[in-house]
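Only this structure's heavy atoms are used, side chains among them; waters, hydrogens and symmetry mates stay out. Quick note on labels: first sequence line is chain A, next is B, and so on, each numbered from 1.
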2 protein chains.
Amino acid sequence: MTPASRAGRRPGDSGTREAILHTARRHFADLGYDRTTLRGIAADAGVDVALVSHYFGPKQRLFAEAAPLPLEPEPLLADLLEGPRETIGHRLAARVLSQTETAEGQQKITGLIRAAASEELAARQIRERVTEALLLPLAEGLGSPDARLRAALAGSQIVGLMMTRHIVGVEPLATSSAQTLAAAIGPVLQHYLTGPLAGPVTTP
Amino acid sequence: MTPASRAGRRPGDSGTREAILHTARRHFADLGYDRTTLRGIAADAGVDVALVSHYFGPKQRLFAEAAPLPLEPEPLLADLLEGPRETIGHRLAARVLSQTETAEGQQKITGLIRAAASEELAARQIRERVTEALLLPLAEGLGSPDARLRAALAGSQIVGLMMTRHIVGVEPLATSSAQTLAAAIGPVLQHYLTGPLAGPVTTP
DNA sequence: GAATGAATTCAACGAGCGTTGAGATCTTTA
DNA sequence: TAAAGATCTCAACGCTCGTTGAATTCATTC
């Protein structure tokens, strides 16, 4: 910043750091935390292993930087809470499932789930971020006393569908269209968020 | 078997094999496939590492032997399909959730999920066993044309709840009672199995 | 053009892993 | 008692991993 105080090559030139980060994201998503190796990332990014450690430090810090939320919380929450309350379940289902139509979106989600299943530290980190950025605001927007439980139940159905469909590959979920599945779980999410929680699943 | 043909010590004495298997089950459940080490199992079982390999061969074969289905398919299916169809969802939820009340039952389930998330081979194996032993018979018992999709959707909700509750530890699911959660997801399972699939979740 | 310092590579470390083969121990049968 | 064979241990192998420190390259600034 100061015009005449520091000599030497300025950082941020080659974009290699970003390339490593991008490759790391893909590897974590495809392989999970344990099976992802710094060597594999480096080779795939066309870089020496040491450069990865040099930029990001220990593997856990790289993971922390490479594992963002699979979807932006703010626009999702805005859409959900501003629209009519009777269709909130359908809109949530459609939003999430449309995310899985691109390979990249699918990778983000499966990577998060895989990491949460294998890494205790990643699980806590993911839990905190998802709870803070998605579940709590959603619960607050719902307003009901057991809103946190409702939001968490809806989340559990979403996680379960992603897990069985994209990671385990259970049929016919794996080959069903996003539309079909959105139509199937939409009413359930609606029920969790606005229906009678411990009673029969009724909607007019 | 022949009375006078083979000399030497008869096998099946010390129960060490079973001890190893029992320890392996716990380790796979707690740590997942990758983080479980033969050395860790051996140390915990008070045995040399080589003995584990000697009994079970490669790690994957040990896993295959140590990771059974978390619940017996036959009695579950019998109970579900013989009872009144209108309460099948509640009974399924209660059965599964009662399984998680003991530490051992919980371990079986989390171990299966963790393994499926990390090991491609384990995922396929689990998918085939669960599909063959649980989903398909359940779908057949239901009789409707889209029964396989229904059974799979119900399974996805169960998996999602176990994952978020016991592995990720999302609140308030983690600290809610089995009764509360059974009451919450029972109607949803009922809807998946017998309700109007793509329509609103209605039950009289 | 010389100094500077970031970007990058090279080489090596120590540790942990799954797996293997040879050998010691000990119970059972002949 | 002697042979047999299953049970179990010891020691080592080859490999991969994450991480580190020194050396090299090179664009920028003085």
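Listed by chain and residue number, A/Glu171 satisfy the side chain to side chain donor-acceptor pair (under 3.5 Å) test with A/Thr175 (two or more places apart in sequence, or in another chain). Under the side-chain contact (heavy atoms from CB on, under 4.5 Å) criterion, A/Glu101 pairs with A/Ala178, A/Gln179, not counting sequence neighbours. By the ring pair (Phe, Tyr, Trp, His ring centres under 6.0 Å) test, B/Tyr192 is found to be paired with no residue, residues two or more places apart in sequence or in another chain being considered. When the side chain to side chain donor-acceptor pair (under 3.5 Å) test is applied to A/Ser177, the partners found at least two apart in sequence or on another chain are A/Thr180.
Rounded to an integer number of Å, the gap from A/Leu51 CG to D/dT19 C1' is 14 Å. In this entry the distance linking CZ of B/Arg35 with P of D/dC17 reads 15 Å, nearest Å. Taking atom CZ of residue A/Phe56 and atom P of nucleotide D/dG18, one finds them 15 Å apart after rounding to whole Å. Summarising the geometry, the separation between CD1 on A/Ile20 and P on C/dA6 is reported as 17 Å, rounded to the nearest angstrom.
The stretch residues 27-34 of chain A does not touch DNA chain C, since none of its heavy atoms comes less than 4.0 Å from the strand.
By the 30° and 60° cut-offs, the orientation of the rings of A/Phe63 relative to A/Tyr33 is perpendicular.
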### Query
Could you walk me through whether A/Thr87 and A/Arg91 pass the side chain to side chain donor-acceptor pair (under 3.5 Å) check?
CA-CA 6 Å; A/Thr87 62; A/Arg91 281 176 288 131; 3.0 Å; yes
N/O to N/O distances under 3.5 Å, protein versus nucleotides 19-21 of chain C:
from	atom 1	to	atom 2	distance (Å)
C/dT19	OP2	B/Lys59	N	3.0

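Considering only side-chain N and O atoms, B/Tyr55 lies nowhere under 4.0 angstrom from the phosphate OP1 or OP2 of D/dA6.
Candidate nucleotides D/dC8, C/dG18, D/dC17 were compared by shortest atom distance to the side chain of A/Thr37, and D/dC17 ranks first.
Annotation: B/Arg148, atom CZ; neighbour count of heavy atoms from other residues, nucleotides and ligands within 6.0 Å does not exceed 12. At most 12 non-hydrogen atoms from other residues, nucleotides or ligands lie less than 6.0 angstrom from NE2 of A/His22.
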